[in-house]
Protein chains: 2
Amino acid sequence: MSAIPILTDKRINNTRRALTNALIALTLEKGYDALTVRDISERAGIGYATFFRHFSDKDSLLTEVLEGTLGEFLELIQPVLNDPERTVTLVFEHVKQNSDPVRVLLRTRNVSPLLPRIFAFSSQAMLETLKPNPKSLIPPEIAAHHMIVSILELIEWWLEHEMPYPPEHMGKIVNALIMQPARKLAFLER
Amino acid sequence: MSAIPILTDKRINNTRRALTNALIALTLEKGYDALTVRDISERAGIGYATFFRHFSDKDSLLTEVLEGTLGEFLELIQPVLNDPERTVTLVFEHVKQNSDPVRVLLRTRNVSPLLPRIFAFSSQAMLETLKPNPKSLIPPEIAAHHMIVSILELIEWWLEHEMPYPPEHMGKIVNALIMQPARKLAFLER
DNA sequence: GACTTTTGAGACATTGTGTATCATTTCTCG
DNA sequence: CGAGAAATGATACACAATGTCTCAAAAGTC
C-alpha cells in the first residue's frame with residue numbers, strides 16, 4: 001500500500017521540462033502554428049503518446065509556458081508600481097534575461113487569450129492609481145491602454161532587433177515617448 | 001473555335017465573392033484558426049472541391065482578402081501623407097466604413113506576413129520624410145515604428161469597443177498622444 | 001442554340017490528432 | 001538495497017481535415 005501520489009517524481013519533471021524547452025525552441029525556429037505534437041515530442045526526446053499524459057493538446061502546453069512567463073512578470077512589477085521609470089527599466093532587464101519565452105509570448109498572441117487579459121488587468125490597475133483629468137481630450141481608458149500596449153510593442157521591436165540598446169536606455173525612451181506624454185495629457189499631476 | 005478565355009465569367013466572380021464574404025464572416029464569428037475549408041465552402045454555398053479550384057488553401061484565400069484591404073489603405077493615405085492630422089482622421093473614417101475586413105486583418109496578425117511588411121514600408125516612408133534630431137535620446141527608427149504601430153493599436157482598441165468616438169476625435173487623440181510627442185522628441189522641426 | 005467552362009458530388013490517399021494497450025524502464029519509499 | 005508503484009516507449013487504432021481526381025450536370029459565353 002502506498003501513500004498519496006507524490007509531486008516530485010524525477011521522470012515527470014524531466015519530461016515536462018523537456019517539452020516546454022522543445023516548444024520554446026521550435027516556436028522560435030519555425031513558428032507555433034507549423035508545429036505538430038510529433039515535432040515537439042521528437043525534439044524533447046520523448047514518445048508521442050507520452051505527450052498526452054502531460055498535456056491535453058499543443059495549446060495546453062503553450063498555456064503552461066505562457067502562464068509561467070506572465071506570472072514572473074506580475075511578481076516583478078508588483079512591488080515597484082509607484083515608480084514608473086524604475087519599473088519600465090526593470091521590465092526590460094527581465095525581458096533581456098528571459099528573451100526566449102517572451103518572444104514566444106509575443107509570437108502567439110492570436111492563439112492565447114492571456115495577453116489581452118493582462119492588458120485589461122494592467123489598464124485597470126493604472127486607472128485606479130492615476131486621477132483622470134476631466135477636461136482632457138483623451139479618455140483615460142485610451143491613455144491607459146495606449147501606455148500598456150505601446151510598451152509591449154517597443155519590447156517586441158527591441159527583441160526583434162536583437163536588443164541594440166541597454167535596458168536603461170529603453171526605459172528612458174519609453175518614459176519620454178509614451179509615459180510622460182500620456183500622463184501629462186490625460187491625467188492630473190499627482 | 002473560341003477566343004482567348006475571358007476573365008469575367010459570372011460564375012467565377014460569384015464563387016470568389018461568396019468565399020471571401022464567408023471567410024470574413026466566419027473569422028469574426030469563431031476565429032480564423034478554428035475554421036476549416038469545409039466550414040468556409042458550406043457558408044459560401046459552394047462545393048468543397050470547388051474551393052481548391054480558386055485557392056490553393058485557406059491561407060491563400062485570406063491573403064486575397066488582406067491584400068485587397070491593405071491596397072485600399074495604401075491608396076487612401078498616399079495623396080495626403082504631408083498632412084498628418086488629416087491623414088489620421090481619414091484612416092479612421094476608412095476603418096469605420098470597412099470595419100469587418102479590418103477586424104480580420106487585425107485578428108490574423110500571426111498568420112499573415114502582410115502587416116509586418118506594411119510596418120516596415122510605412123516606417124521607411126516616414127524616415128525619408130522627417131529629419132532625425134541627432135541630439136535626441138530616441139533613435140528615429142524607434143520613433144517611426146512607435147507611431148505606426150501605436151496608431152494601429154488604437155484602431156484595434158476602437159474597433160473592439162464598437163467605435164465609441166467619431167473619427168475626427170480619434171484623429172485628435174492620435175495626434176496629441178502619439179504623433180506630436182514623437183515628432184517633437186525625435187525629429188527636427190520642419 | 002451550339003460550344004466551352006465551371007460546378008457539385010463522391011471516392012481517394014495522406015497527414016495529424018487523441019486514445020488505448022502492454023511490456024519495459026525508472027523512480028520512490030520502507 | 002529491494003519490492004512495489006508509476007511513468008515511459010512503441011504500436012495500433014478511430015477519427016477529422018486536407019488536397020487531388022473524375023465525371024455528369026448546370027450555367028455561362030459568343
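Labels below follow one simple rule: chain letters A, B, ... track the order of the sequence lines, proteins then strands, and each chain is numbered from 1.
- For the pair A/D9 CG and D/dG4 P, the interatomic distance rounds to 19 Å; values are reported in whole Å.
- Checking A/L74, A/L152, A/I148 one by one against A/I118, the side chain to side chain contact (heavy atoms under 4.5 Å, CB included) holds for a single residue, A/L74.
- Straight-line distance from the CG atom of B/N13 to the P atom of C/dT5: 17 Å, rounded to whole Å.
- Between the side chain of A/R11 and the base of D/dT8, no donor-acceptor pair under 3.5 Å is found.
- Across the protein-nucleic acid pair, A/L19 atom CG and D/dA7 atom P stand 15 Å apart, rounded to whole Å.
- For B/K10, the listed nucleotide lying nearest its side chain is D/dG28; candidates were C/dT7, D/dG28, D/dG9.
- Here C/dG16 presents its P atom at 14 Å from CG of A/D33, a figure rounded to the nearest Å.
- Between B/R103 and B/E29 no salt bridge is recorded (no basic side-chain N to carboxylate O distance below 4.0 Å).
- Applying the 4.0 Å criterion to OP1 and OP2 of C/dG8, one finds that B/T50 has a side-chain N or O inside that range.
- With hydrogens and angles left out, the side-chain atoms of A/R16 and A/N13 include no donor and acceptor closer than 3.5 Å.
- Heavy atoms only, all atoms of each residue included: A/P181 and A/A176 are closest at CD-O, 3.1 Å.
- What separates CD1 of A/I46 from P of D/dA10 is a distance of 11 Å, to the nearest Å.
- Between the P atom of C/dT28 and the CD1 atom of A/I12 lies a distance of 9 Å, rounded to the nearest Å.
- One finds a salt bridge joining B/E156 and B/R109 here, because a Lys/Arg side-chain nitrogen approaches an Asp/Glu carboxylate oxygen to under 4.0 Å.
- With ring centers used as reference points, A/W158 lies 6.0 Å or more from A/Y165.
- Side-chain contact between B/F73 and B/N98 is absent, with no heavy atoms from C-beta onward closer than 4.5 Å.
- The phosphate of C/dT7 (OP1 or OP2) has a side-chain N or O of B/H54 nearer than 4.0 angstrom.
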**Request:** Let me have a per-nucleotide readout for nucleotides 13-22 of chain D, 5' to 3', with B, S or -, counting only protein heavy atoms under 4.0 Å.
**Result:** ----SBBBBB

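- A/D39 places its CG atom 13 Å from the P atom of C/dT15, with the value rounded to the nearest Å.
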